[in-house]
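What follows is a set of notes on a single structure, which appears directly below.
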Amino acid sequence: MPRTWTDTSILLLHVDHPPPVNVSPSHIYTLSHTHIMSDFSGPRIAIIGIGKVGAAVAYSIIHRQIASEVLILDLKEDFQDAQVQDLRDSTSFGVSPRVRPGTWKECGQCDIIVFTAGTNQKAGESRLSLLQRNLGVIRGGFDKMAPFKDDAILVMVTNPVDIMTYFAVKYSGLPASQVFGSGTILDTTRLKDTIAQRAQVAPRAVHAYVVGEHGDSQTIAWSNMAIGGIPVDQVLPLDLDEKHEVAEFVRFKADRLNKVKGETSFGIGAVISSICTSILLDERHVLPLSHYHADYGMCFSKPAIVGRRGIVRSLDILLDEDEQASLEKSIHKLKTVAYATENPEPVIASRL
């Protein structure tokens with residue numbers, strides 16, 4: 001009987017070849033799964049860290065049907081296995097990838113590695129101490145995955161994403177073009193939705209970017225914004241107070257949601273699956289990703305063309321004088337934090 005990739009076929013194999021009576025059903029599944037997966041070929045995505053954000057990422061990737069296999073890895077093994085089983089329950093309808101736990105080495109050989117793992121801030125802990133602990137998490141993970149597959153793409157989600165992306169470029173050993181973070185895509189999505197509601201158009205008709213830090217110092221590129229290709233000021237004239245209101249709404253939306261529900265996961269799940277789609281299908285979409293800029297020596301978000309090789313090209317965006325000054329301030333902040341994370345001097349640390 002030829003082997004196929006469906007769960008139904010796995011069950012048929014069991015019927016045709018009954019197992020010994022002393023073998024448990026879970027052991028049967030493990031044996032069959034391992035045997036069939038030995039013949040595996042196809043695009044693979046690994047997700048490191050399967051908390052609420054990682055799970056939302058995994059769920060969105062699974063149901064976009066862009067990969068043949070999704071590997072899950074979390075330091076809490078029991079929790080990891082429970083998440084894998086729960087996610088597998090969602091794959092019974094339509095064509096879905098195989099979902100299974102992965103080892104560090106297996107994850108390092110995947111086509112895309114999505115890194116969401118990180119630690120939460122402890123009571124009384126400084127932001128700098130949290131950054132240093134998360135730096136330890138990503139460095140430890142990279143060491144266990146090394147050497148990475150030559151054409152692997154590393155997508156950082158762990159916050160603060162610009163800082164973590166900078167260290168991922170520094171410590172992963174992968175070319176900088178193959179390492180980037182989710183950056184301000186979610187902020188940009190929130191901006192487009194806000195402008196769309198005010199202009200009463202579809203969000204996809206709004207062309208806009210948030211650049212710089214994924215955080216408080218982010219900058220809206222108002223001077224480049226358009227609706228249906230028409231400059232925004234001709235469609236939706238906004239005065240300075242209205243622009244400030246929009247900027248503040250976008251900047252602090254995550255904070256408002258976190259206070260009520262404790263996390264934001266659905267949006268970032270959709271964002272990461274969209275990035276993975278653009279990579280695997282070599283779609284060459286232009287996305288505001290956090291990536292390394294050699295002239296600044298730092299990672300921050302600007303529009304970039306994304307394809308199977310990662311960052312195909314970083315695009316310059318012409319900003320007005322105030323916007324450029326805001327972006328420069330954002331970059332300076334990120335560089336200061338990155339330096340202090342590796343060199344925790346009291347004077348610098350006191351500002352963080």
Side-chain angles (χ1 to χ4, degrees), residues 53 56-57 59-61 63-66 157 161 181-278 281 283-290 300-306 315-327 330:
V53 169
V57 169
Y59 185 83
S60 189
I61 286 172
H63 292 284
R64 267 187 180 252
Q65 303 175 357
I66 54 173
V157 184
V161 70
S182 52
T184 57
I185 298 183
L186 189 53
D187 305 286
T188 297
T189 298
R190 291 165 175 163
L191 173 62
K192 289 181 178 182
D193 183 62
T194 303
I195 295 298
Q197 289 186 53
R198 287 179 176 239
Q200 298 183 337
V201 299
R204 69 180 62 186
V206 179
H207 303 277
Y209 291 108
V210 177
V211 297
E213 179 195 17
H214 170 58
D216 293 350
S217 69
Q218 63 187 229
T219 300
I220 293 177
W222 290 104
S223 56
N224 281 266
M225 190 180 297
I227 297 177
I230 304 169
V232 67
D233 289 340
Q234 296 181 29
V235 181
L236 182 69
L238 297 173
D239 60 30
L240 289 178
D241 287 340
E242 290 171 317
K243 288 182 178 180
H244 178 74
E245 182 183 343
V246 169
E248 291 297 284
F249 179 84
V250 172
R251 192 189 323 271
F252 296 111
K253 183 174 183 178
D255 290 345
R256 293 192 302 274
L257 296 179
N258 280 327
K259 286 179 182 177
V260 177
K261 58 176 288 190
E263 39 75 31
T264 56
S265 55
F266 298 130
I268 192 64
V271 160
I272 299 303
S273 65
S274 176
I275 294 172
C276 291
T277 302
S278 190
L281 300 183
E283 290 182 328
R284 307 298 178 99
H285 282 173
V286 178
L287 303 171
L289 296 169
S290 181
F300 59 90
S301 287
K302 264 191 175 182
I305 303 170
V306 187
L315 302 178
D316 286 328
I317 182 170
L318 187 61
L319 304 174
D320 67 24
E321 186 175 339
D322 290 339
E323 292 163 356
Q324 185 62 38
S326 176
L327 176 60
S330 180

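We're numbering straight along the sequence, starting at 1. As the structure is a computational prediction, the values presented were derived from the model and not from experiment.
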Which atoms form the tightest heavy-atom contact between [X] and [Y], and what is the distance?
X: P303; Y: I317; value: CD-CG2, 4.2 Å
X: A221; Y: L319; value: CB-CD2, 3.7 Å
X: R251; Y: Q218; value: NH1-O, 3.3 Å

Note to self: For K261, is the NZ atom crowded, meaning more than 12 foreign heavy atoms sit under 6.0 Å from it?
What the structure shows: yes

Notebook entry, point to check: What do you reckon, is CD of E248 surrounded by more than 12 foreign heavy atoms closer than 6.0 Å?
Noted result: yes

Any heavy-atom pair between the side chains of [Y] and [X] that's under 4.5 Å?
X: L289; Y: I275; result: yes
X: K302; Y: L327; result: yes
X: L238; Y: I195; result: yes
X: R190; Y: D187; result: yes
X: L191; Y: Y209; result: no
X: S274; Y: R64; result: yes
X: M225; Y: I220; result: yes
X: K253; Y: T194; result: no

Pairwise distance [atom1]([X]) to [atom2]([Y]) - rounded to 0.5 angstrom:
X: I268; Y: S182; atom1: CD1; atom2: OG; value: 4.0 Å
X: Q200; Y: L236; atom1: CD; atom2: CG; value: 10.0 Å
X: C276; Y: I61; atom1: SG; atom2: CD1; value: 4.0 Å
X: D255; Y: K259; atom1: CG; atom2: NZ; value: 6.5 Å
X: I305; Y: L315; atom1: CD1; atom2: CG; value: 4.5 Å

Notebook entry, point to check: Hey, which of E323, Q324, E321 is the one that makes side chain to side chain donor-acceptor pair (under 3.5 Å) with S223?
Noted result: E323

Donor-acceptor contact present, side-chain [X] to main-chain [Y], <3.5 Å:
X: T189; Y: I185; value: yes
X: S330; Y: E213; value: yes
X: S301; Y: T184; value: yes
X: T188; Y: V210; value: yes
X: R256; Y: F249; value: yes
X: T277; Y: S273; value: yes

Item checked: Result of checking N258, L257, D216 against F252 for side chain to side chain contact (heavy atoms under 4.5 Å, CB included) -> D216

